[in-house]
Amino acid sequence: MMEETTKPTDFIREAVAEDLRTGRFNYVRTRLPPEPNGYLHIGHVKAWMIDYLVAKENNGELILRFDDTNPTKEETEFVDAIIEDTRWLGIEWKEITYASDYFDLLYEWAQKLVWMRKAYVDDQSPEEVSANRGTFTEPGKNSPWRDRSVEENLDLLERMKNGEFSDGSRVLRAKIDMAHPNLNMRDPVMYRILHEPPHHRTGDKWKIYPLYDWAHGQNDSMEGITHSLCSLEYRDHRPLYDWFHEQLGVFKSRQIEFARLNLNYTVMSKRKLRRLVEEGYVSGWDDPRMPTLRAMRRRGYTAEAIIDFVQRMGVSTVATSNAGVIADIAFLESRVREDLNKHSLRRMAVTKPLKLVIDNYPDDLVEEMDAVNNPEDPSAGARKVPFSKELYIEQDDFRETPPPKYYRLYPGNEVRLRYAYFVKCTHVVKNDVGEVVEVHATYDPSTRGGDAQDGRKVKSTIHWLSASHAKEAEFRMYDRLFTKEDPEEGEEGSLACLNPDSLHILHGYVEPSLAQAKPGNRFQFERLGYFATDQDASENKPVFNLTVSLKDTWAKIERSNKSK
RNA sequence: UGGGGCGUGGUGCAAGGGUAGCACACCAGCCUUUGGAGCUGUGGAUCUUGGUUCGAAUCCAGGCGCCCCAGCCA
């Protein structure tokens with residue numbers, strides 16, 4: 001698949017090539033910089049692939065570095081989950097590192113900046129720091145502590161580190177320019193005091209923790225990262241990123257920003273996703289409706305399809321919303337269908353069963369019908385499916401009074417039962433309230449296998465299951481989580497447009513062999529869609545998640561029928 | 001409001017002074033033992049105004065619109 005796509009070219013790859021050409025760098029090393037405070041989602045995959053491929057295409061190296069500078073949010077559980085998901089994508093890295101690996105060195109670099117009179121300990125309260133930062137239009141005010149002696153700063157910094165001061169009582173700040181038009185340059189905070197909670201890796205060793213701006217660029221430099229690729233909202237941080245390298249006289253990594261990836265009909269922010277989980281709107285972070293990688297995996301999306309999707313999305317600096325680009329979920333689904341169409345085994349399943357009785361078929365006869373496993377892949381072979389007098393068909397495949405252009409079963413109409421016989425509907429049996437409970441038909445024995453010897457045609461082929469052989473199964477039918485393309489839009493908030501029908505549970509039947517399907521197995525249930533066996537499956541009743549439906553032309557016709 | 005970034009069909013990306021193209025979506029048709037897949041075709045876009053030029057999506061200037069920034073989050 002990767003060979004098929006033309007070699008991607010974009011402004012980042014051009015910049016990297018340029019740097020190699022001009023000698024700014026003579027090798028390429030990138031980094032994946034997750035903060036271990038949540039699960040990876042589809043938006044991360046874009047960044048992951050850019051970092052991975054830019055390194056790979058240039059015979060460079062990729063480092064997986066956890067940005068763990070804030071112990072109040074980070075947990076080992078997320079480190080493990082991120083590693084698992086990254087591996088699932090097929091991304092290979094040279095080594096795993098942590099920002100916390102560099103806390104000692106980073107502290108030395110901070111002392112150096114103090115010596116250079118480029119950093120100082122500020123005793124202002126958080127409120128004072130904020131108030132004195134100024135606004136977009138007004139300059140900030142210099143801290144009264146801005147011109148302390150090197151000795152006093154060094155002493156105070158050391159005591160901050162040793163835990164002598166309470167949280168929030170002091171910070172270390174870079175001394176730049178409180179009147180700078182870029183707020184990030186107004187004496188940014190480098191270290192804050194944090195006694196609790198213990199850090200997931202360094203425990204209670206540290207009482208001060210570096211902030212992003214101080215840690216990230218220096219870690220990049222320490223690791224010899226050539227290209228530090230990040231999303232658009234860090235554009236304003238680049239002058240600061242460069243300033244630290246310049247002052248310290250260290251290896252200068254190059255930061256390049258790109259638009260991050262969002263999807264319509266969903267939310268991507270950790271805060272909003274957490275709310276869905278915590279308030280029970282979904283079953284968990286791996287609920288198949290979530291945009292997280294583990295959810296997509298559970299739903300049946302393949303890593304190949306997801307990667308193909310982000311690759312085809314391209315890379316740009318366009319910011320349509322929230323510092324990124326909004327992709328159409330339909331495009332993701334088209335990539336999933338393309339991949340699954342080629343690779344998944346066909347099976348028959350009936351999600352909304354309706355009994356079909358073939359009146360002229362022998363009572364006790366069972367025939368084994370030949371069914372192909374994948375018309376796109378002859379090497380997938382064929383299988384036998386039992387056929388008998390009483391069958392289940394899909395409720396949607398029968399109408400007592402057919403609407404216009406309805407080709408499926410209705411009284412007097414003949415259709416093909418896939419791989420079996422032509423059948424003609426004769427009559428129906430109804431219950432007390434007038435619902436059709438049984439459809440009756442006659443079959444033409446000369447059409448065995450589905451071919452009419454006399455050359456007559458039917459306009460429809462429907463799927464079926466032998467009632468006595470079929471195995472019970474649960475089907476979880478998913479739809480988009482939100483009804484609006486942009487759930488954030490409007491003041492009611494995203495919860496106001498949650499789709500009440502994002503999950504439909506159906507109880508039906510599958511072919512006998514599917515009773516043994518293993519979690520993660522993927523199938524195409526003919527004429528319905530792609531499904532993946534869920535982990536919830538029990539021994540006698542498997543559960544299948546709808547990955548994505550097949551394109552449904554009839555549904556489209558029906559919709560336009562109704563709108564007329 | 002100061003700073004930074006960005007404007008090409010509905011969406012996402014191409015075209016780097018020379019015929020505005022691709023994918024998805026949409027519409028029509030062909031084909032079909034999945035109303036699937038496949039195939040063919042149609043429609044539709046350069047934010048705006050001015051300038052430079054034989055020629056501008058591309059270069060210049062103004063305007064308009066959208067996104068990001070005032071955490072001791074990342």
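When reading the values below, keep in mind they use all heavy atoms of this one structure, side chains included, and skip hydrogens, waters and symmetry mates. Labels below follow one simple rule: chain letters A, B, ... track the order of the sequence lines, proteins then strands, and each chain is numbered from 1.
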Proximal nucleotide (of B:rG35, B:rC6, B:rA74) relative to the A:His237 side chain: B:rA74
Beyond-backbone contact of A:Ser460 with A:Ile462, side-chain heavy atoms, under 4.5 angstrom: yes
Under 5.5 Å centre to centre and under 30° between planes: does that hold for A:Phe331 and the six-membered base ring of B:rA23? no
hbond_proxy A:Arg337 side chain to B:rG36 base (donor-acceptor, 3.5 Å cutoff): no
Side chain of A:Thr317, heavy atoms from C-beta onward: which of B:rC6, B:rC24, B:rC68 has the nearest atom to it? B:rC6
Counting side-chain heavy atoms from CB outward, which of B:rG36, B:rC72, B:rG3 is closest to A:Asp236? B:rG3
Taking only side-chain N and O atoms of A:Ser316, does any of them lie within less than 4.0 angstrom of OP1 or OP2 on B:rC6? no
Check every strand shown and say whether A:Tyr209 touches a base, only sugar-phosphate, or nothing at a heavy-atom separation below 4.0 Å. nothing
Does a side-chain heavy-atom distance below 4.5 Å link A:Leu345 with A:Arg383? no
Are any of A:Arg335's side-chain N or O atoms less than 4.0 Å away from OP1 or OP2 of B:rA25? no
Roughly how many Å apart are B:rC64 and B:rG71, using the C1' atom of each and rounding to a whole number? 33 Å
Pair A:Asp122 + A:Arg146, salt bridge at N-O below 4.0 Å: no
Nearest listed nucleotide, side chain of A:Leu211, among B:rA74, B:rG35, B:rG16: B:rA74
N/O donor-acceptor pair under 3.5 Å between A:His463 side chain and A:Ala349 backbone: yes
Set of side chain to side chain contact (heavy atoms under 4.5 Å, CB included) partners for A:Phe136, sequence neighbours left out: A:Leu183
Of the residues in residues 164-181 of chain A, which ones touch RNA chain B at a heavy-atom distance under 4.0 Å? A:Gly168, A:Val171, A:Pro181
About how many Å separate CZ of A:Arg186 and OG of A:Ser143, when rounded to the nearest 0.5 Å? 14.5 Å
RNA chain B in dot-bracket, Watson-Crick or G-U pairs under 3.5 Å, [ ] crossing, | other strand? .((((((..((((....[..))))..((((.......)))).....(((((..]....))))))))))).....
Would a distance-only check, ignoring hydrogens and angles, find a side-chain to backbone donor-acceptor pair under 3.5 Å from A:Asp10 to A:Arg13? yes
Among B:rG71, B:rC27, B:rU34, which nucleotide has an atom closest to any side-chain atom of A:Gln524? B:rU34
Side chain of A:Lys551 only, please: which of B:rG36, B:rA74, B:rC24 is the nearest? B:rG36
Selected nucleotide, minimal atom distance to A:Leu550 side chain, candidates B:rG36, B:rC72, B:rC6: B:rG36
Only one of A:Arg416, A:Arg456, A:Lys424 passes salt bridge (Lys or Arg N to Asp or Glu O under 4.0 Å) with A:Asp444, and that residue is A:Arg456
Base, sugar-phosphate, or nothing for A:Glu138, non-hydrogen atoms under 4.0 angstrom? nothing
Taking the side chain as every heavy atom from C-beta outward, state whether A:Phe544 and A:Leu514 have any atom pair closer than 4.5 Å. yes
Go through B:rC67, B:rA25, B:rA70 for me and flag the one nearest to the A:Ala319 side chain. B:rC67
What nucleic acid atoms does A:Lys459 come within less than 4.0 Å of, heavy atoms only: base, sugar-phosphate, or nothing? nothing
Compare side-chain N and O positions of A:Thr69 against OP1 and OP2 of B:rA74 and report whether any pair is under 4.0 Å apart. yes
Does any N or O donor sit under 3.5 Å from an N or O acceptor when you compare the side chain of A:Glu376 with the base of B:rG36? yes
